[in-house]
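Beneath this line is the structure, given in structure tokens, with notes to follow.
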Amino acid sequence: MPRPSDKAADEAPRRFDFAAVADLLVCPVARTPLVQPDADSLVSCDPETRLRYQVEDGIPVLLPDSGKAVDREEWAAIMQSQGRDPDTGQATPA
């Protein structure tokens, strides 16, 4: 029988450590880098597709048909907030 403290630990939401794998993950459709604007999603840096993928229970759902299009204005704001060019999605020099 699990102890109460074990059960509480099992129910804690899992966190996705994007920084640890950012160089490995790409958009499954455009094959471009991804950024993490919030804890619950990843966004493709491709200005044509502008896809958002959900992070569920600490696991990114990166299936090609699971991405949802983001409108151009929201995508540009996300890119800018992540230090990327709001027109191209390319990383801007530091």
Side-chain angles (χ1 to χ4, degrees):
M1 181 166 174
R3 296 182 311 218
S5 61
D6 291 342
K7 186 177 180 183
D10 289 342
E11 292 177 3
R14 296 180 192 168
R15 297 198 39 95
F16 173 58
D17 185 3
F18 180 68
V21 294
D23 292 339
L24 303 173
L25 297 180
V26 295
C27 172
V29 174
R31 301 285 186 225
T32 57
L34 297 163
V35 294
Q36 187 177 30
D38 55 59
D40 298 323
S41 67
L42 301 174
V43 176
S44 173
C45 293
D46 178 46
E48 299 301 316
T49 59
R50 301 182 313 275
L51 295 172
R52 178 187 302 266
Y53 298 92
Q54 294 301 309
V55 175
E56 297 176 3
D57 294 325
I59 301 169
V61 181
L62 295 174
L63 301 171
D65 60 350
S66 67
K68 305 291 183 214
V70 176
D71 69 56
R72 188 166 292 281
E73 188 174 297
E74 181 182 1
W75 181 85
I78 291 169
M79 292 300 114
Q80 192 163 26
S81 75
Q82 299 296 307
R84 294 185 165 266
D85 184 285
D87 295 318
T88 66
Q90 297 294 314
T92 55

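For Gln80, the CD atom is loosely surrounded, since the number of other residues' heavy atoms within 6.0 Å does not exceed 12. With a 6.0 Å radius and a threshold of 12 heavy atoms from other residues, nucleotides or ligands, Asp23 has its CG atom at or below the threshold.
There is no path of hydrophobic side-chain contacts, each under 4.5 Å, that joins Val26 to Val21. Leu42 is connected to Leu51 through a chain of hydrophobic side-chain contacts under 4.5 Å among Ile, Leu, Val, Met, Phe, Trp and Tyr, so both are in one cluster. Residues Val70 and Tyr53 do not share a hydrophobic cluster, clusters being chains of Ile/Leu/Val/Met/Phe/Trp/Tyr side chains in contact below 4.5 Å. In the hydrophobic cluster analysis, where Ile, Leu, Val, Met, Phe, Trp and Tyr join through side-chain heavy atoms closer than 4.5 angstrom, Leu25 is grouped together with Val29.
Between Thr88 atom OG1 and Glu48 atom CD the span is 11.0 Å, to the nearest 0.5 Å. Rounding to the nearest 0.5 Å gives a distance of 10.5 Å between CG of Asp46 and CG of Leu34.
Using modelled atom types, one side-chain atom of Trp75 and one backbone atom of Ser44 make a donor-acceptor pair closer than 3.5 Å. Checked by atom type and distance alone, the side chain of Arg84 never pairs as donor or acceptor with a backbone atom of Met79 at under 3.5 Å. Side chain of Thr92 to backbone of Gly83: a donor-acceptor contact under 3.5 angstrom is found.
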side-chain contact (heavy atoms from CB on, under 4.5 Å) between Arg52 and Ile78: does it pass, once the steps are laid out? CA-CA 11 Å; Arg52 178 187 302 266; Ile78 291 169; 3.3 Å; yes

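In terms of the side chain to side chain contact (heavy atoms under 4.5 Å, CB included) criterion, residue partners of Leu63 (sequence neighbours excluded) are, by chain and number, Val61, Asp65, Ser66. Considering only residues two or more places apart in sequence or on other chains, Ala76 meets the side chain to side chain contact (heavy atoms under 4.5 Å, CB included) condition with Pro86.
Between Thr32 and Thr49, every side-chain heavy-atom pair lies at or beyond the 4.5 Å cut-off.
The minimum heavy-atom distance linking Val35 with Phe18 is given by the pair CA-CZ, 4.1 Å. Residues Gln36 and Ser41 approach most closely at CG-O, 3.4 Å, considering heavy atoms.
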